[in-house]
Protein chains: 2
Amino acid sequence: MEEQSEAMGSGTNGLQGLREMTQERQQHNAGSSSEPETHQYDVNKYERPSVTVDVLMMSLRQRDLQILLIKRRSWPYEDMWAIPGGFINMNESLEAAAKRELQEETGVQDVYLEQLYTFGDPGRDPRTRVITVVYFALLDSERLQVRAASDAADVGWFSVYELPQLAFDHQEIVDYALNRLRNKLEYTTIAFNLLPEQFTLRELQRVYEIILHKRLDKRNFRKKILSTNILEDTGAKKMEGPTVPRACIASILPLNINYKAILLRSEFNGY
Amino acid sequence: MEEQSEAMGSGTNGLQGLREMTQERQQHNAGSSSEPETHQYDVNKYERPSVTVDVLMMSLRQRDLQILLIKRRSWPYEDMWAIPGGFINMNESLEAAAKRELQEETGVQDVYLEQLYTFGDPGRDPRTRVITVVYFALLDSERLQVRAASDAADVGWFSVYELPQLAFDHQEIVDYALNRLRNKLEYTTIAFNLLPEQFTLRELQRVYEIILHKRLDKRNFRKKILSTNILEDTGAKKMEGPTVPRACIASILPLNINYKAILLRSEFNGY
DNA sequence: AAAATAGTGTCTTTAAGACAATATCTA
DNA sequence: TAGATATTGTCTTAAAGACACTATTTT
């Protein structure tokens with residue numbers, strides 16, 4: 001799927017021929033329609049908004065919660081970063097469109113994917129009315145590492161805590177997603193999706209700490225997680241290593257006791 | 001807003017004139033298009049889906065959780081009941097469309113309204129591709145009573161526990177909404193929106209019992225609610241009455257101690 | 001007085017949070 | 001052996017759930 005900038009690429013074209021607005025029985029519009037009411041009538045009548053599916057891909061990289069962004073190449077918001085997305089095909093489901101986007105951007109499949117929210121304020125895209133159904137995906141860092149090298153100049157991972165200015169209403173989308181993620185952390189096992197199959201409790205705790213953006217007590221965390229009996233002890237590997245440089249990724253080093261999730265009851269969706 | 005059947009009325013027209021969509025590099029269609037590849041190419045290529053906003057209006061009536069449905073008059077699903085909804089206008093926000101729908105159907109304003117989910121499977125509407133952004137609304141029974149009389153033959157309130165067969169994927173939508181509502185009951189004050197401004201604890205408990213579909217312990221319920229300090233004691237009225245016939249509505253009779261919500265922290269939205 | 005409802009308190013269990021010392025590994 | 005990390009348990013507090021009796025109202 002193309003990024004929005006290009007997808008929209010017919011670009012300025014979009015702005016003309018889009019003058020319609022189903023004005024007919026538009027009495028209810030009252031306050032909102034402050035434009036000149038010229039020839040609006042027939043042109044607008046049967047217009048449909050564009051529908052896109054955006055996918056906010058989140059992953060843990062460098063001990064940070066990062067998202068994938070794409071640099072726009074054209075108006076509007078030229079040179080700004082945006083959440084990848086594209087138009088939906090007429091014969092694919094919303095989720096299929098999201099998966100396609102995901103596949104195209106990162107090459108990964110079978111990752112956690114959840115519908116986040118639908119954003120559709122008129123004016124959120126200056127070209128035309130665009131309603132976007134946003135999904136978010138959680139990618140485990142290990143599988144992602146492989147493809148990470150192929151980053152082009154106009155694709156990049158950014159910390160959710162230090163984002164550049166984003167195009168459209170995309171900052172709002174990120175905020176919404178972060179909220180959703182934090183909430184679900186508390187009552188689902190959604191966090192496991194950010195880790196490879198095997199991981200230490202320390203690593204899991206770090207996931208929570210990074211997302212919640214606060215330190216957690218080690219003993220209480222272990223108690224809580226283990227009490228749920230969703231983890232299975234695999235054979236023991238060992239520690240992250242003592243004098244290890246900060247930047248090193250845990251998975252490179254020998255690990256301590258490995259736990260493996262056996263029951264993921266994260267089949268919830270968006271309540 | 002008209003019900004979908006009529007809204008769709010511009011009908012087949014809608015399919016033409018909507019040709020933009022910058023399909024340009026749309027090679028990605030691949031797996032999903034399993035239909036004969038005849039002229040699909042140009043017809044579908046620039047087509048846009050229709051977007052509707054449906055509103056599931058919920059209220060407590062006759063000690064039951066009921067929703068408003070509309071009887072369809074034409075194909076498809078002729079004579080079946082459906083959730084009211086309609087096309088979105090080009091210059092109104094999704095929420096504005098939902099409010100408009102709400103206003104048209106029930107005449108009420110300023111009610112609790114929350115975006116539920118967006119349903120968009122191809123084939124959910126046999127006429128054309130329709131993506132629907134669903135909202136749900138909670139109406140307090142008192143204000144609603146007024147307008148309830150104006151029910152036409154093709155509009156009706158139905159118990160969520162005894163629904164007729166619904167058109168489209170609307171049963172799925174109801175299930176989804178009921179789940180959302182039940183979950184939010186636990187950690188928000190969303191339930192207050194189903195009651196008038198003043199109510200007894202007994203009435204509030206009944207709301208919970210009806211929605212959760214199970215009995216609750218009176219003492220524990222009161223303890224829990226009162227411990228949150230979100231209720232304010234208004235002057236005392238009295239009981240629902242002893243030998244009262246089952247069918248009678250609580251609000252008609254003298255009430256017991258009235259509590260009034262003072263802090264509604266139900267400003268949450270759909271995490 | 002009979003029938004229905006309103007109102008109230010204790011005990012137990014569970015989960016969460018605060019908190020510090022010892023053992024192990026690697027350079 | 002110095003520096004970093006791994007591991008472990010107790011106490012307190014808060015919330016949830018199970019549970020039964022008395023008082024009041026109306027017909």
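Chain A is the first sequence line, chain B the second, and so forth, proteins listed ahead of strands; every chain is numbered from 1. All values reported here derive from a predicted model rather than from experimental measurement. FYI, side chains are in, hydrogens and waters are out, and symmetry mates aren't considered; it's all heavy atoms of this structure.
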- For each nucleotide in nucleotides 11-18 of chain D, reading 5' to 3', give B when a protein heavy atom comes within less than 4.0 Å of its base, S when such contact involves only the sugar-phosphate, and - otherwise. -----SBB
Measure the distance from [atom1] on [X] to [atom2] on [N] and round it to the nearest whole Å.
{"X": "A:Lys218", "N": "C:dA21", "atom1": "NZ", "atom2": "P", "value": "14 Å"}
{"X": "B:Phe221", "N": "C:dT5", "atom1": "CZ", "atom2": "C1'", "value": "17 Å"}
{"X": "A:Arg222", "N": "C:dC19", "atom1": "CZ", "atom2": "C1'", "value": "16 Å"}
{"X": "B:Arg215", "N": "C:dT5", "atom1": "CZ", "atom2": "C1'", "value": "12 Å"}
{"X": "A:Leu201", "N": "D:dA6", "atom1": "CG", "atom2": "C1'", "value": "11 Å"}
{"X": "A:Leu204", "N": "D:dT5", "atom1": "CG", "atom2": "C1'", "value": "17 Å"}
{"X": "A:Ile225", "N": "D:dT7", "atom1": "CD1", "atom2": "P", "value": "14 Å"}
{"X": "A:Leu216", "N": "C:dG17", "atom1": "CG", "atom2": "P", "value": "9 Å"}

- For B:Asp64, which residues count as a side chain to side chain donor-acceptor pair (under 3.5 Å) partner, sequence neighbours excluded? B:Ser159
[X] side chain near [Y] side chain, heavy-atom distance below 4.5 Å:
{"X": "A:Leu181", "Y": "A:Leu65", "value": "yes"}
{"X": "B:Leu194", "Y": "B:Ile211", "value": "yes"}
{"X": "B:Glu114", "Y": "B:Tyr135", "value": "no"}
{"X": "B:Lys99", "Y": "B:Gln109", "value": "no"}

- Query: Between CG of B:Leu138 and CG of B:Leu113, what distance do you get to the nearest 0.5 Å?
  - Reply: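 B:Leu138 atom CG to B:Leu113 atom CG measures 9.0 Å (nearest 0.5 Å).
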- Query: Under 4.0 Å between a side-chain N or O of B:Arg202 and OP1 or OP2 of C:dT5?
  - Reply: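 For C:dT5, OP1/OP2 do not have a side-chain N/O of B:Arg202 under 4.0 Å.
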- Item | Pairing of A:Glu209 and A:Lys214 as salt bridge, 4.0 angstrom limit |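 Not counted as a salt bridge, because no side-chain N and carboxylate O are separated by less than 4.0 Å.
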- Note on the structure: Rounding to the nearest 10°, end axes of the helix from C:dA1-D:dT27 to C:dA27-D:dT1 built from five pairs each make an angle of 10°
- Message: ring pair (Phe, Tyr, Trp, His ring centres under 6.0 Å), that's the test. Do A:Tyr112 and A:Phe192 meet it? Break it down for me.
- Response: CA-CA 10 Å; A:Tyr112 182 84; A:Phe192 295 157; over 10 Å; no
- Task: Determine the interplanar angle of the A:His213 and A:Tyr161 rings, folded into 0 to 90°, and report it as parallel if under 30°, tilted if 30 to 60°, perpendicular if over 60°.
- Result: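 A:His213 vs A:Tyr161 ring planes: parallel.
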